[in-house]
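First comes the structure, then the notes that go with it.
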Amino acid sequence: MTSAVRVCSVEDVPAGEARRFAVDGRLVAVVNLGDEGFRAVDAICSHEHYYLDEGEVDVDLETIECPKHGSTFDLDTGAARTLPAITPVDVFPVTVTDDDVLIEV
Ligand code: FES
């Protein structure tokens with residue numbers, strides 16, 4: 001069963017950036033795509049253990065780039081778009097209520 005959990009305030013994640021939060025025992029990267037809203041993905045790269053939230057967000061392509069080896073991940077599906085990563089990362093449905101960012105876990 002899934003439930004919506006508050007992760008942060010909308011003000012905690014500037015537009016075009018990502019921040020890492022601990023949610024229910026896992027690390028989640030919340031990404032602010034500006035007019036396109038918020039996304040949430042597993043904060044740990046599927047290639048090696050590295051933090052995706054420290055990578056570059058592409059607001060137009062809706063991707064985040066792992067800073068370690070440069071794989072990009074689709075923020076809507078979690079799919080790895082570029083090598084070396086081939087395994088997707090988990091994505092979490094996001095809702096924004098008032099100023100709160102909530103995800104389904
Ligand atoms: S650790 Fe992310 S691409 Fe290698």
Side-chain angles (χ1 to χ4, degrees):
M1 205 177 92
T2 61
S3 58
V5 178
R6 182 187 183 279
V7 183
C8 61
S9 160
V10 293
E11 280 151 24
D12 292 332
V13 187
E17 296 189 21
R19 293 287 185 274
R20 183 170 71 242
F21 300 94
V23 183
D24 253 22
R26 61 191 303 176
L27 294 173
V28 174
V30 174
V31 184
N32 183 348
L33 293 178
D35 291 343
E36 297 303 319
F38 287 78
R39 302 290 186 276
V41 298
D42 205 324
I44 308 297
C45 184
S46 65
H47 178 234
E48 285 179 10
H49 194 285
Y50 209 81
Y51 297 118
L52 290 181
D53 52 278
E54 294 178 7
E56 194 96 349
V57 173
D58 190 314
V59 172
D60 296 323
L61 295 177
E62 299 192 3
T63 58
I64 192 163
E65 179 178 356
C66 179
K68 182 95 170 176
H69 305 114
S71 280
T72 53
F73 292 89
D74 188 306
L75 289 168
D76 289 309
T77 66
R81 283 198 183 167
T82 53
L83 294 170
I86 51 172
T87 306
V89 291
D90 287 339
V91 293
F92 307 94
V94 178
T95 52
V96 175
T97 307
D98 298 324
D99 284 341
D100 295 327
V101 178
L102 301 98
I103 66 167
E104 304 266 335
V105 290

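These figures come from a predicted structure and were not determined experimentally. Both ligands and their constituent atoms are indexed starting at 1 by order of listing.
- Taking 4.0 Å as the cut-off between side-chain N and carboxylate O, Asp53 and Arg19 do not count as a salt-bridged pair.
- When only modelled atom types and interatomic distance are considered, Thr82 and Ser71 share no side-chain donor-acceptor pair under 3.5 Å.
- A donor-acceptor pair under 3.5 Å links the side-chain atoms of Ser46 to the main chain of Thr87, judged by distance alone.
- Taking atom 4 (Fe) of ligand 1 as reference, His47 places its N/O/S atom ND1 nearest.
- One finds an angle of 110° at atom 2 (Fe) of ligand 1 between SG on Cys66 and SG on Cys45, to the nearest 10 degrees.
- Between Arg20 and Glu54 there is a salt bridge, since at least one side-chain N of the basic residue sits less than 4.0 Å from a carboxylate O of the acidic one.
- Atom 4 (Fe) of ligand 1 lies closest to atom ND1 when only the N/O/S atoms of His69 are considered.
- Residue-ligand proximity, Lys68 to ligand 1, at heavy-atom distances under 4.0 Å covers atoms 1 (S).
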